[in-house]
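What follows is a short report on a single structure.
Only heavy atoms go into these numbers, but all of them, side chains included; no hydrogens, no water, no symmetry mates.
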Amino acid sequence: MLNVMLVDDDVPMIKYLTKLISWESLGLRLAATANSGESAMQIFHETQLDLVITDIGMPQMDGLELVAQLKALKPELQVVFLTCHEEFHYARKAVQLDAVDYLIKDELTSEQLDESLRKAIQLLTEAKNQVEDIVYKQDLIKNKDLLKQTYFQQLLTTSSAPEMLSYGKRLGINWGHSHFLMAIGSFHRASVYKQYRFEDMNLLLYAAGNIANELSLQSQQQVTLFSDADGQLICIYNYQPNLSLNTTTLFKDYLLSLRELIKQYLKMDVFLHYGTPFKGVEGVSANYKTMKMWQKSSFYEDDTFGAIKLLEVPLWNVNHSLEEQWDRITEAVKDATTNGITQSLCALETFVREERMESGMFLATCSHRIRLIELDAKHKSEETFHSCLLRCKRLKESLELISCKLEELHAASTHMAIDKKPKLQQIDRYITDHLAENISMVDIADYLFLNPSYFSRYFKQETGVNFVDYYHQFKMKIACGLLKEKQYNIEMIALKLGYMERTYFSRIFKKYVGVSPKHYK
């Protein structure tokens, strides 16, 4: 229902209008009546109105003044003027105010009013559709990146080519040609670490998409860039085969330009590899799966750009442990120089290249051991760092990222060893002496004869972490040592450290160590 207000200082005229036609049959509701321009303004602020039918000749504020103010507040409001005056200048003014109609009271019939109201309803419907279209387009622009990601996921699971092509058009993806080429790529995680925060990855993907779109317009090639669930770049080139053009070379040149522009504007290296041509949008899913398999099998390759070469499925070695190599790295982090870190990482690289350790297992082991070093350094673990590490596509990339993190932890460890103040040493001793108890920040503050609020601020300033994180990290470091000794089961270790419930202990352990106590053991 559309809401209507009748405005006239002639009360009998308002009563006449209410009975002149069947308002509800037109989808209209008489929401309000007013006997003056001032009262009409007040009602307008209190009621949602779509249409106003008003007299022109009213005292104080006439109908023309009223409508001018109403239109300023709500431009889409529809207006029908009723008046006894037939002078042209009134009609002209009504036209200027974008009125639906100008009706003479003395000549008014139900048919005339009905016709004017139907015209108003049509204009309101058109205005509403225009607003909805504008809102839809604004939402589309605002959420286009997210919608494109959803579209790409649907491409991987939906077999209906016409449906996907139709949906793509609504997103501005006009794949009108029969053939496709695809490339897969990712940001070099270490270059992200050096320039940005890991939390910025989605923004970087968005920026890369804008660069890709600009380049596509300049090169006049139909290339669309998506990002998948792993935060990788997926470039899809749609083209019509032409014997006079080498489309693979054109796509390769586009990717090289894209790489250079990302490096120029975002200061990051990008891995990009392209596949072979295929026909039909339904081939996107199969080619994507092939590329993902190739990525996994090429973990030990060093190339960062080029065509995907079909590799035999590697025989990964799943029996070797990296414990010895990581023990050396851990000791190097505690050492006074960074030379030991570099040397131990080189030894790690040599070992895993020779043994061809499965990539997922290698990355998971490295993530786990870095968490232990973070725990030892009382350094809060960055989940975004570990997420990036686990998604590395090349051994060199992962080792460079690990090196950056270890240098950071080495600096934190050195700082702790040199600058740990007597008061912090007292705190460590107190926790050690009360391992089996569940102590709080208030207990520590009382022990040091400090106000709890002051102690909280002091502790955060001195350590960079809050007391709760420090306390649990301290205990989890001891838990790791006890689990390695294998003299106690998990329940006993939990009790020794003041955790009365195994499930709670396991949850805390996994939060700070990265794996469950059972898996660690």
Measure from the side-chain N and O atoms of [X] to the backbone N and O of [Y], and report whether any donor-acceptor pair falls under 3.5 Å.
X	Y	value
Asn238	Gly176	yes
Ser116	Gln112	yes
Tyr196	Leu266	yes
Glu260	Ser257	no
Asp62	Gly57	no
Thr47	Ile43	yes
Thr18	Lys15	yes
Asp114	Ser110	no
Thr125	Ile121	yes
Asp9	Met58	no

How long is the gap from [atom1] on [X] to [atom2] on [Y], to the nearest 0.5 Å?
X	Y	atom1	atom2	value
Leu155	Thr150	CG	OG1	11.0 Å
Ser186	Gln295	OG	CD	6.0 Å
Ile508	Glu501	CD1	CD	11.5 Å
Ser36	Asp55	OG	CG	12.0 Å
Asp230	Lys292	CG	NZ	3.5 Å
Ile262	Leu204	CD1	CG	9.5 Å

In terms of the angle between their ring planes, are [X] and [Y] parallel, tilted or perpendicular, with boundaries placed at 30° and 60°?
X	Y	value
Phe271	His188	tilted
Tyr458	Tyr454	parallel
Trp175	Phe180	perpendicular
Tyr254	Phe251	parallel
Tyr288	Phe152	perpendicular

Fill in: Worked verdict on Thr33 versus Leu17 for side-chain contact (heavy atoms from CB on, under 4.5 Å)
CA-CA 11 Å; Thr33 61; Leu17 288 171; over 6 Å; no

With heavy-atom distances below 4.5 Å as the criterion, would you say the side chains of [X] and [Y] are in contact?
X	Y	answer
Tyr237	Tyr274	no
Tyr471	Met441	no
Leu49	Leu70	no
Ile370	Phe385	yes
Tyr512	Asp469	yes
Phe81	Leu64	yes
Gln222	Thr224	yes
Leu2	Leu51	no

Practice prompt. Mind running side-chain contact (heavy atoms from CB on, under 4.5 Å) on Lys74 and Asp50 for me, showing each step along the way?
Written response: CA-CA 9 Å; Lys74 189 175 182 178; Asp50 302 293; 4.2 Å; yes

Practice prompt. Evaluate the criterion side-chain hydrogen bond (donor to acceptor under 3.5 Å, both in side chains) for residue pair Ser216 and Asn213; output intermediate values, then yes/no.
Written response: CA-CA 5 Å; Ser216 182; Asn213 290 338; over 6 Å; no

Under 6.0 Å from the [atom1] atom of [X], do we count more than 12 heavy atoms belonging to anything else shown?
X	atom1	value
Lys71	NZ	yes
Gln48	CD	no
Gln154	CD	yes
Gln240	CD	yes
Gln264	CD	yes

For a quick test of reading the model, state the closest non-hydrogen atom pair linking [X] to [Y] and the distance between them.
X	Y	result
Leu225	Gly209	CD2-CA, 3.9 Å
Met291	Ile308	CG-CD1, 3.4 Å
Gly63	Thr54	CA-OG1, 4.1 Å
Met41	Leu73	CE-CD1, 4.0 Å
Gly498	Asn438	O-CB, 4.1 Å
Leu103	Val80	CD1-CG1, 3.9 Å

Practice prompt. Let me see the working for Asn242 and Thr247 under side-chain contact (heavy atoms from CB on, under 4.5 Å), right down to the final yes or no.
Written response: CA-CA 8 Å; Asn242 188 330; Thr247 48; 5.7 Å; no

Item to complete: Could you list all the salt bridge (charged side-chain N to carboxylate O under 4.0 Å, His left out) pairs where at least one residue sits in residues 263-285, not counting sequence neighbours?
Response: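 Those involving residues 263-285 are Lys263-Asp269.
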
Practice prompt. Show your working on side-chain contact (heavy atoms from CB on, under 4.5 Å) between Leu233 and Leu258 and close with a plain yes or no.
Written response: CA-CA 11 Å; Leu233 305 171; Leu258 177 61; 5.7 Å; no

Worksheet entry | Residue among Asp10, Thr83, Asp8 satisfying side-chain hydrogen bond (donor to acceptor under 3.5 Å, both in side chains) with Lys105 |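 When side-chain hydrogen bond (donor to acceptor under 3.5 Å, both in side chains) is applied between Lys105 and each of Asp10, Thr83, Asp8, only Asp8 qualifies.
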
Discussion item. Check this for me, if you would: do Lys405 and Glu408 make a salt bridge, where the nitrogen-to-carboxylate-oxygen distance has to be below 4.0 angstrom?
Written reply: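 Yes, Lys405 and Glu408 are salt-bridged.
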
